[in-house]
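Worksheet for the structure shown next.
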2 protein chains.
Amino acid sequence: MENYLPHIAYDSVIFGFSGERLKILLLEYHNTGWLALPGGFVKQDENLDDAVHRGLQERTGLDKIYLEQFHTFGNVNRHQPEVMKTILEASAFSLTEYALLLDRFISVGYYALIDYEKVKPQPDALSDSIDWYFVDELPPLIFKHEEIVQKALASLQFNLDRKLVGMNLLPSKFTMKELQQVYEAILGEKLRRTTFQRKMLSLGILERHEKRFNGKAHKAPYLYSFRASSFAIDR
Amino acid sequence: MENYLPHIAYDSVIFGFSGERLKILLLEYHNTGWLALPGGFVKQDENLDDAVHRGLQERTGLDKIYLEQFHTFGNVNRHQPEVMKTILEASAFSLTEYALLLDRFISVGYYALIDYEKVKPQPDALSDSIDWYFVDELPPLIFKHEEIVQKALASLQFNLDRKLVGMNLLPSKFTMKELQQVYEAILGEKLRRTTFQRKMLSLGILERHEKRFNGKAHKAPYLYSFRASSFAIDR
DNA sequence: TATTATTGTCTCAATATGTGACAATAATAG
DNA sequence: CTATTATTGTCACATATTGAGACAATAATA
């Protein structure tokens, strides 16, 4: 622990899209059943952004993850040493060696967008499991992490039309309907099909490919992908 | 220094509006002529937001300042101990007592919007003077603070139409032209007078008062203020 | 071959924005 | 006292964007 910066942590809200709803990854700590966001610490000579990438890489196996920093949480009332103490004890970690973890932390919040299908989540040393949970049906979390999730979601909504959010939550080829479902899941409201389709096509960021014959009794939809040139927008 | 959190700082970009352009406050350090953003540190048992408010209160004398956190800067290459060393020496501060200041810091960026007329800036122990500088004609700054200013400005622009920015940069009563000038200064572009006026009035957030007779040879403009109920929007 | 569910596109209506015109008016010059 | 000047407030029209529904096309099924 001594080669990490004290008092500084990050928490990550990792969004994935499955079927029709948004999910996030949550850790469950050993023996306590407590759930929390995956987080981590920053090494003495490591960029903050790199620390977060490193942590996500370890947990998702993914290499190039879309990340946005959205807020830094610095309230004193987030400090709950008794909770952290219980977590360390439940994992049989030495309280003297890891005493630093009982200190107050200021935490930088990041959200990540990943392709749900590509991920095999990996728990860390303190946690039993890591799994997907629906954003709109979150179980209770420790360390006021609900607040962090809400702020991440608000930030994602706010950024929705200037960043190419869909690009990161969907596989490389997708139907218009799937894209619309991503938007609806993020905004939490239904959108009008024709208006949405017209708008997306008018932006000129989509490329149309072959149709997808999905065995359903109706007209097959086209597949789309984001144009390579769209990557240049606002990054 | 020992009752402050190590490795954590904040930097503040304090915007004011004078006449027709945006300005920010910059500190000049003793004997070096070096310019930087006003910043500070967080006490062990102090909320991050409170620390920033405290710092701004000391420097501007203002009590209720509009503050937005916009980004946290955590790159290793921001660490320049030799620059800090020179600053401390130039102010005859003990390098052993203030050794903590030579460490790497992760800095949380905040921007503030204040009424230019109401402020009498106060320098701190390390600095000779604190003064207003045009945002679009910044002198060279230490610690890569130009980057912080640019990010603050981008964030302010991005928030312009969902937060009542004008409310904080103008006195309580102002003309439509003054309000437009604030928008133009922030966006860095000219806006069409009639469209702007129509838009602002249609939002229903302005209250119209008596006219201002300013001794000029033309029709006198109405004074406006923000409706009290507008305060409820998005805060 | 008719039916079903969904998709892609079009049309018309309703809003919103761009652009210029014009009258109203507070001070000044004559 | 009157004409001039520099704005300001408002309107009118054109253009662009979005809302809302209609409809033909079509892949699988009955």
Taking only residues two or more places apart in sequence, or in another chain, which ones meet Ser107(B) in a side-chain hydrogen bond (donor to acceptor under 3.5 Å, both in side chains)?
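Per chain and number, Ser107(B) pairs via side-chain hydrogen bond (donor to acceptor under 3.5 Å, both in side chains) with Asp11(B).
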Which residue pairs satisfy the side chain to side chain donor-acceptor pair (under 3.5 Å) criterion with at least one member in [range], sequence neighbours excluded?
| range | result |
| --- | --- |
| residues 184-206 of chain A | Gln180(A)-Glu184(A) |
| residues 12-24 of chain A | Arg21(A)-Asp136(A), Arg21(A)-Glu137(A), Lys23(A)-Tyr116(A) |
| residues 52-63 of chain A | Glu46(A)-Arg54(A), Arg59(A)-Asp124(A) |

Output the rounded distance in Å from [atom1] ([X]) to [atom2] ([N]).
| X | N | atom1 | atom2 | result |
| --- | --- | --- | --- | --- |
| Glu189(A) | dG19(D) | CD | C1' | 14 Å |
| Met200(A) | dT17(D) | CE | C1' | 15 Å |
| Leu191(A) | dA20(D) | CG | P | 12 Å |
| Phe196(A) | dT17(D) | CZ | P | 18 Å |
| Leu203(A) | dT17(D) | CG | P | 11 Å |
| Lys190(A) | dT18(D) | NZ | P | 21 Å |
| Gln197(B) | dT7(D) | CD | P | 15 Å |

Under the side-chain contact (heavy atoms from CB on, under 4.5 Å) test, which residues partner Ser155(B), sequence neighbours left out?
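Checked Ser155(B) against side-chain contact (heavy atoms from CB on, under 4.5 Å); matches are Phe70(B), Tyr111(B), Asn159(B).
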Return the set of residues passing side-chain contact (heavy atoms from CB on, under 4.5 Å) with Pro121(A) (not counting sequence neighbours), or none when no residue passes.
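Per chain and number, Pro121(A) pairs via side-chain contact (heavy atoms from CB on, under 4.5 Å) with Leu25(A), Val119(A), Ile130(A), Trp132(A).
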Output yes when at least one side-chain N/O atom of Lys199(B) is less than 4.0 Å from OP1 or OP2 of dA16(C), else no.
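Negative; the distance criterion is not met.
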Check whether any side-chain heavy atom of Tyr29(A) lies under 4.5 Å from a side-chain heavy atom of Asp128(A), and answer yes or no.
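No, too far: nothing below the 4.5 Å cut-off.
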Listed nucleotide nearest any side-chain atom of Tyr224(A), set dT18(D), dG9(D), dG8(C):
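For the Tyr224(A) side chain, the nearest candidate turns out to be dG8(C).
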Would Phe174(A) and Tyr224(A) count as a ring pair (Phe, Tyr, Trp, His ring centres under 6.0 Å) if you check the C-alpha gap in whole Å, the side-chain angles of each, and the deciding distance to 0.1 Å?
CA-CA 5 Å; Phe174(A) 48 85; Tyr224(A) 296 88; 7.0 Å; no
Measure the angle between the two terminal helix axes of the helix from dT1(C)-dA30(D) to dG30(C)-dC1(D), five base pairs each, and quote it to 10°.
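One end's axis against the other's: 20°.
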Test ring-ring contact (aromatic ring centres under 6.0 Å, His included) applied to Phe158(B) - qualifying residues, sequence neighbours left out:
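If we apply the ring-ring contact (aromatic ring centres under 6.0 Å, His included) test to Phe158(B), skipping adjacent residues, the hits are Phe158(A).
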Its contact letters, B for base, S for sugar-phosphate only and - for none at protein heavy atoms under 4.0 Å, make nucleotides 19-27 of chain C read BBB--BBBB
Would you be so kind as to tabulate the donor-acceptor pairs closer than 3.5 Å made by side chains of residues 143-151 of chain A, with sequence neighbours excluded?
from	atom 1	to	atom 2	distance (Å)
His145(A)	ND1	Leu37(A)	N	3.0
Glu146(A)	OE2	Leu141(A)	N	2.9

With sequence neighbours left out, which residue pairs that include part of residues 203-224 of chain A fulfil the salt bridge (charged side-chain N to carboxylate O under 4.0 Å, His left out) condition?
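Those involving residues 203-224 of chain A are Lys173(A)-Glu210(A), Glu178(A)-Arg212(A).
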For Arg212(A), which contact category applies under a 4.0 Å heavy-atom criterion: base, sugar-phosphate, or nothing?
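If one applies the 4.0 Å heavy-atom cut-off, Arg212(A) turns out to touch nothing in the nucleic acid.
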Can you pull out the residues from residues 171-179 of chain A that lie within a 4.0 Å heavy-atom distance of DNA chain D?
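Residues of residues 171-179 of chain A under 4.0 Å from DNA chain D: none.
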